[in-house]
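Reading through the C-alpha cells given below for one structure.
Here is the naming used below: chain letters follow the sequence lines, and residue numbers restart at 1 for every chain. Model, not experiment: these values are computed from the prediction.
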Amino acid sequence: MTDLAGATREAGDREPKRPLIGPYLLRMLCLLAILAFWELAPRMEWVSPVMLAPLSATVVTGVSEIGLFAGNLAVTVGSLLLALAIAIGGGAVAGLLLGGIKALRETLLPIMSSIYAVPLVVVYPVFTAWVGIGAESKVLFGGIYGFFPMLLATAAGIQTVDTRYMIAARSMGASRRQQIIHIMLPAALPSIVSGVRIGAAMTAIGVVVAEMMAATAGIGFLITQNRTMFNTAEVYFGVFLVLLLAGVIDWAVRSLERRAGAWYPHKVKML
Amino acid sequence: MARLTVVAEERDGAGGGEANLRADGVTHVFETAGGPLMAVTDVSFTVEEGTFVGLVGPSGCGKSSLLQMMAGLLNPTEGRIVMGEEEIREPRPAEIGVVFQESSLLPWKSARENVEFPLYLRGVERSVREKKALEMLDLVGLGEFAERRPHELSGGMKQRVAIARGFCQDPSVLLMDEPFAALDEQTRMTLGDELLQIWERHKKTVVFVTHSLTEAVYLCDKVLVMSARPGRILKEIDIALPRPRTYDLMATETFGRLRAEIWELIRGGDRP
Ligand SMILES: Nc1ncnc2c1ncn2[C@@H]1O[C@H](COP(=O)(O)OP(=O)(O)OP(=O)(O)O)[C@@H](O)[C@H]1O
Ligand SMILES: [Mg+2]
C-alpha cells in the first residue's frame with residue numbers, strides 16, 4: 001500500500017496528510033451544532049420563541065403528549081407504506097412496460113415525463129374534492145407523487161440496457177422471459193434503485209403535504225393544526241418526527257443501494 | 001446435460017459435411033433513416049465442418065452483419081444461410097455459438113456464472129453446469145478466477161472467459177467477431193495460440209472475423225476476403241500451412257506471400 005502511494009506521489013512530496021477529524025466525526029459535529037443552535041437560539045432570543053421553540057421544550061412537550069403523537073405517527077406511517085406500495089410497486093411495473101414495449105414507450109412515455117414536470121401539489125384541492133380528505137386521498141396522492149419518478153427511472157433503465165448483452169443472450173438461446181429476468185432487470189437495476197430513492201422521498205413528501213393541506217389525522221395534520229394555534233413546541237416536535245421518518249427512509253434506501261452495489265459493482269452510485 | 005451428450009454424439013456420427021455452414025446468395029439491406037443501405041450483396045461460401053475459416057475485409061464491409069446472419073440473429077434480405085439441410089432464421093444455441101468482444105460478459109455475474117449461463121438458459125442442472133464451467137475456465141487457465149467478476153479481470157482474461165463461455169455452450173459452430181480486437185499484440189498472439197490448442201482438441205467449426213491479416217493467416221484453414229461495402233466475397237484463399245501452427249511459420253515465405261495476397265485484395269477492393 002505504501003508502495004502504491006509512493007509510486008503515484010511526485011518526488012519531494014510529503015506524506016499525504018490525514019484529516020484531523022474523520023468525515024463521520026464531522027457529520028456528528030454538524031448535527032450537534034444544529035441541535036445546539038436549536039436550543040440556544042430561542043433561549044438567547046436570537047429568534048423569537050414563537051418562531052422556534054427550544055429543543056428541550058420541544059422534547060418535553062412531545063413526551064408529555066406522546067400518546068397523541070404516536071397515534072398520529074402510526075397513521076402517517078401506515079399511509080406512507082400503502083403509498084410506497086403504489087409508487088414503487090406500480091412505478092416499477094409501469095416503468096418495465098413502458099420501457100420495454102416500443103409502442104407504449106413511444107405513445108405514453110412523453111406524456112408521463114410531462115406529468116412529472118407538473119407540480120402536482122396544485123391539484124390536491126381538486127383531488128380531495130373527488131376522493132375526500134380521508135386516508136385514501138393522501139395514500140393516493142403520495143402514491144401518485146412517487147409513482148412518476150419511479151416509472152421514469154425504471155423505464156430509462158430498461159431502455160438503456162446495453163444491446164450487446166441482449167444480442168449475446170439471444171445467441172445463447174435466451175427466451176423473451178429469460179431475457180427480461182436475466183438481462184434487462186439486472187442491467188436496469190442501478191437505475192431502478194435510484195428510482196426507489198427519488199420515488200420514496202417524493203412519496204413521503206406527498207403524504208405529509210397532503211396531511212398538511214387537508215386531512216383528519218397524521219403528523220402533517222398535527223403540524224398544521226398546532227401552527228394555527230401557535231403551539232410552537234408541538235409544531236417542532238411534529239417536524240422532528242417527520243425528519244426522523246425521512247431518516248428511516250434514507251437508511252432503508254441506503255441499505256438497498258449497498259446490496260445493489262455489491263451485486264453490480266461500479267454502477268450503483270451511492271448518494 | 002442429456003441434450004449436450006446427444007449433440008456431441010450426433011456430431012461424432014455426422015462427418016461427411018452434413019454440418020457444413022453455407023451462405024447462399026446472401027444479401028442484406030438495412031432500412032436506415034437515410035434510406036436503404038446494402039451491407040452485403042450476393043455472398044456465397046461454404047464453411048466445411050471442423051475447419052477454421054477467417055473473414056477479413058475493410059471496415060464496414062458487412063462482416064459483423066454476415067456473422068449475425070450466420071448466428072440467426074439477423075435474417076438475409078435475399079438468399080439464405082444453411083446449416084446441413086436446414087435454413088438458419090433464428091438462433092440455434094445448441095449448434096451455433098457466438099463469441100463477442102469482452103464487453104458482452106455480464107458484469108453482475110462472476111466468471112463462472114458467465115461461462116455457465118448458456119447451460120443455465122437451456123435448463124442444465126446446477127451441479128452439472130458448474131462442473132462444466134469450471135472445466136472450461138481451467139482450460140483457458142482461469143480456474144483460480146472463477147468467482148471473480150469481469151471488472152476484476154484484465155482485458156485478456158475477460159476475453160478468455162468469453163471464449164470459455166463459447167466452448168461451454170458447446171455448439172458445433174463457433175462464430176467469433178473480432179474476439180481479440182481490444183487486446184494488445186502480445187496477448188492477442190498468446191490467446192490465438194490457446195484458441196488453436198482448444199480448437200484442435202474440440203474440433204469445432206470456427207468462423208473468425210479479424211482485422212489482423214497475420215492472425216487470419218496464422219489461425220485459419222481458409223480466409224474469405226471481402227470487398228468494401230456492399231460486401232462481396234472477393235476470393236477464398238486456402239492457407240496451406242501445416243498444423244499445429246507455430247510461430248516460426250510466420251517467418252516463412254509462404255506465410256508472407258499469403259498475407260501479402262490478402263492485403264493486395266483488400267487494398268484493391270477498397271479502391272473505387
Ligand atoms: N443495425 C444496423 N442498422 C443500420 N445499418 C447498419 C446496422 N448494422 C450495420 N449497419 C451498416 O452496415 C454496414 C456493415 O456493417 P458491419 O457492422 O457488418 O461491418 P463490419 O464489416 O463488421 O465493420 P467493422 O470491421 O468496422 O466491424 C455498415 O455500413 C454499417 O453502417
Ligand atoms: Mg464488425
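In terms of heavy-atom proximity, B/Pro118 sits nearest to A/Met172 at CD-SD, 3.7 Å. Taking both residues in full, the closest heavy atoms of B/Pro93 and A/Gly173 are given as CG-CA, 3.4 Å, listed atom of the first, atom of the second, then distance. A/Tyr165 and B/Ser104 make their closest contact through CD2-O, 4.1 Å (heavy atoms, listed as atom of the first residue, atom of the second, distance). Residues A/Ser171 and B/Leu73 approach most closely at N-CD2, 3.8 Å, considering heavy atoms. The minimum heavy-atom distance between B/Phe117 and A/His182, with the atom names listed, is CZ-CB, 3.7 Å.
Contacts of B/Glu90 with chain A are absent, with no heavy-atom separation under 4.5 Å from either backbone or side chain. Residue B/Leu175: no heavy atom, backbone or side chain, is found under 4.5 Å from chain A.
Atom CZ of A/Phe240 has 12 or fewer heavy atoms from other residues, nucleotides or ligands within 6.0 Å. Crowding of B/Glu144 atom CD: a count of heavy atoms from other residues, nucleotides or ligands under 6.0 Å not exceeding 12. Other residues, nucleotides and ligands place more than 12 heavy atoms under 6.0 Å from the CZ atom of A/Phe127.
A donor-acceptor pair is defined here as one N or O able to donate and one able to accept, closer than 3.5 Å; no such pair exists between the side chain of A/Arg170 and the backbone of B/Pro91.
Rounding to the nearest 0.5 angstrom, the gap separating the CG atom in B/Leu106 from the CZ atom in A/Arg164 is 11.5 Å.
The side-chain heavy atoms of B/Phe100 and A/Ile167, taken from C-beta on, include a pair separated by under 4.5 Å.
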